[in-house]
Amino acid sequence: MDSLTIGAFAKASRLSPKALRLYDELGLLTPARVDPLTGYRHYAPAQLERARLVAWLRRLGMPLARIREVCALDAPAAAREIRVYWAQTEAAHGARRDLATFLVDHLSRKDSAVNDANHPLELRCAALSDAGLVRPGNQDTAYAGERLLAVADGFGGDGAPAGAAAVDALKELDAGTAPGGLLDVLQDALDRADETVRGFADSGTTLTALLWSGERLTLVHIGDSRAYLLREGGLFRITHDHTMVQSMVDEGRLTEAEAVSHPQRSLLVRALGSGTRPAGRLPDLRLHDPRPGDRYLLCTDGLSTVVPDEELHRVLASGAGPGEAVRALVALANAAGGPDNVSCVVADVHERATAA
């Protein structure tokens, strides 16, 4: 078959002549021949397969620079790269979906201010932090107040004060005296936390917290500390780790089994401070409707990386009170070698007793 004019090639490849000219300029789809007199571009029929791949990848929304990389690969490698790209795209959409769900849920109901305490549920909780058996100091922070539950895992030279500062920035919400609606006071507190932590050079912290409004719980999460919910006998993790290894699992580059022993499993991609939070990558926010009988666990990775979920489940479902449960969980982490600081908060949801 003779070479195709740009018009014929555009029709066959489902790319416009304007797009073909752009891709030529970018070196993505170079014509087989350019007429030296007229400047008309001519394409070989064999270029159609690449052109159609470019068209499909553009329909996926893939950036041109990444398309160029994919087109330079053999078919199996290109397939892997497309799978990785789509996993990243779904993760980004998922984060925006969670935020949209949070906002819709929040705005669809009456905005229960942090001050509102006239509801029939209450939290009974306990917190415990331990240095473990290996680390010389403790950079974790654990806090359980009337309205705020939080754990933070600091890192870097000033990790301990960074973690403590992040939790301290939220403690004003525990008193229930902050003016404004829930979203406003929460955003102000998070801004203060991030600004304060960024004041510690080369340091940062994770932060996982639950804020009780008297009606609902707002989950705030960034980093690799975790939150779990024990409900009706089942244990559910309600946070997603912000680590390089978890990103690789999400993208299909690692299996869950491989992630457990990966040497970089603690490398964070999102945290407060230390320049690790690029624009647009804010803490996760979610609303939870608690039920009587629910039990929440917040913990740093000093617990979750050494104690299997089955053991967490056993302790949390044992019937022990929050104070006994946090002591048992810390003891399990230390029995497993205590390689890291370990902190946890256990909170039970109860119906509030009413006066006769």
query = Between D309 and H313, does a side chain to side chain contact (heavy atoms under 4.5 Å, CB included) hold up when you go through it step by step?
reply = CA-CA 6 Å; D309 284 359; H313 191 184; over 6 Å; no
request  = Please confirm whether H242 and H221 have ring centers closer than 6.0 angstrom.
outcome  = yes
inquiry  = Just by distance, no angles: are the side chains of D140 and T300 close enough, under 3.5 Å, to form a donor-acceptor pair?
reply    = yes
query = Are L229 and V307 connected, step by step, through hydrophobic side chains (Ile, Leu, Val, Met, Phe, Trp, Tyr) whose heavy atoms are closer than 4.5 Å?
reply = no
message = Keeping H240 on the side-chain end and Q246 on the backbone end, is there a donor-acceptor pair under 3.5 Å?
response = no
query = Donor-acceptor pair, Q47 side chain versus A44 backbone, under 3.5 Å?
reply = yes
Cut-off 3.5 Å, no hydrogens considered: what does the side-chain donor-acceptor table look like for residues 322-340, sequence neighbours left out?
residue: R327; atom: NH1; partner: G323; partner atom: O; Å: 3.3
residue: N334; atom: ND2; partner: D130; partner atom: OD2; Å: 3.3
residue: D340; atom: OD1; partner: R135; partner atom: NH1; Å: 3.2

query = Would you call R270-D284 a salt bridge at under 4.0 Å N-O?
reply = yes
note = Rounding to 0.5 Å, atoms CZ (R216) and CG (L211) come to a distance of 11.0 Å
message = Between T89 and A87 (side chain of the first, backbone of the second, donor and acceptor by atom type, cut-off under 3.5 Å), is there such a pair?
response = no
task = For T5 and Y43, run side chain to side chain contact (heavy atoms under 4.5 Å, CB included): C-alpha distance rounded to whole Å, both residues' side-chain angles, the deciding distance at 0.1 Å, then the answer.
result = CA-CA 6 Å; T5 65; Y43 296 81; over 6 Å; no
Atom pairs and distances, donor-acceptor, side-chain atoms in residues 19-33, under 3.5 Å, two or more places apart:
residue: D24; atom: OD2; partner: R41; partner atom: NE; Å: 2.8
residue: D24; atom: OD2; partner: R41; partner atom: NH2; Å: 3.4

Ion pair R295/D348, N-O distance below 4.0 Å = yes
Can you list, pair by pair, the side-chain donor-acceptor contacts under 3.5 Å of residues 57-66, counting residues two or more places apart and other chains?
residue: R58; atom: NH1; partner: M62; partner atom: O; Å: 2.9
residue: R66; atom: NE; partner: E81; partner atom: OE2; Å: 3.1
residue: R66; atom: NH1; partner: Q88; partner atom: OE1; Å: 2.7
residue: R66; atom: NH2; partner: E81; partner atom: OE2; Å: 2.9
residue: R66; atom: NH2; partner: Q88; partner atom: OE1; Å: 3.2

query = Does any donor atom in the side chain of S129 or N138 lie under 3.5 Å from an acceptor atom in the other side chain?
reply = yes
query = With no hydrogens and no angle check, is any side-chain donor or acceptor of S203 less than 3.5 Å from a backbone partner on D158?
reply = yes
inquiry  = I'd like to check E122 versus E351 (side-chain heavy atoms, cut-off strictly below 4.5 Å). Are they in contact?
reply    = no
ask   = Once you round to the nearest 0.5 Å, how far does CD of Q139 lie from OG of S343?
value = 11.0 Å
Rounded distance (nearest 0.5 Å) linking atom CG of L297 with atom CZ of R237 = 11.5 Å
query = I238, L316: one ILVMFWY side-chain cluster at the under-4.5 Å cut-off?
reply = no
inquiry  = Closer than 3.5 angstrom, by distance alone: can the side chain of D35 be matched with the main-chain N or O of T38 as a donor-acceptor pair?
reply    = yes
key: Backbone N/O of S304 and side chain of D301: donor-acceptor pair under 3.5 Å   = no
query = Do you reckon V345 sits in the same ILVMFWY cluster as Y228, going by side-chain contacts under 4.5 Å, direct or chained?
reply = no
request  = Indicate whether the side chain of S225 and that of T208 have a donor and an acceptor atom separated by less than 3.5 Å.
outcome  = no
inquiry  = Could you see if L217 belongs to whatever hydrophobic cluster contains L219? Use Ile, Leu, Val, Met, Phe, Trp, Tyr and a side-chain cutoff under 4.5 Å.
reply    = yes
ask   = Donor-acceptor pair, D153 side chain versus T205 backbone, under 3.5 Å?
value = no
ask   = Please walk me through it: do V197 and L207 pass side chain to side chain contact (heavy atoms under 4.5 Å, CB included)?
value = CA-CA 11 Å; V197 173; L207 178 65; over 6 Å; no
ask   = Should L298 and W212 be regarded as members of a common hydrophobic cluster, given that ILVMFWY residues are connected when their side-chain heavy atoms come within less than 4.5 Å of each other, either directly or indirectly?
value = yes
task = Mark yes or no for whether T239, through its side chain, and A227, through its backbone, hold a donor-acceptor pair below 3.5 Å.
result = yes
ask   = If you round to the nearest 0.5 Å, how far is CG of D188 from CG of L170?
value = 11.5 Å
Side-chain heavy-atom pair L173, R147 within 4.5 angstrom cut-off = no
message = Salt bridge check, D294 against R231: does any charged N sit closer than 4.0 Å to a carboxylate O?
response = yes
message = Between D174 and K171 (salt bridge meaning N to carboxylate O under 4.0 Å), is one present in this structure?
response = no
message = Between D194 and R198 (salt bridge meaning N to carboxylate O under 4.0 Å), is one present in this structure?
response = yes
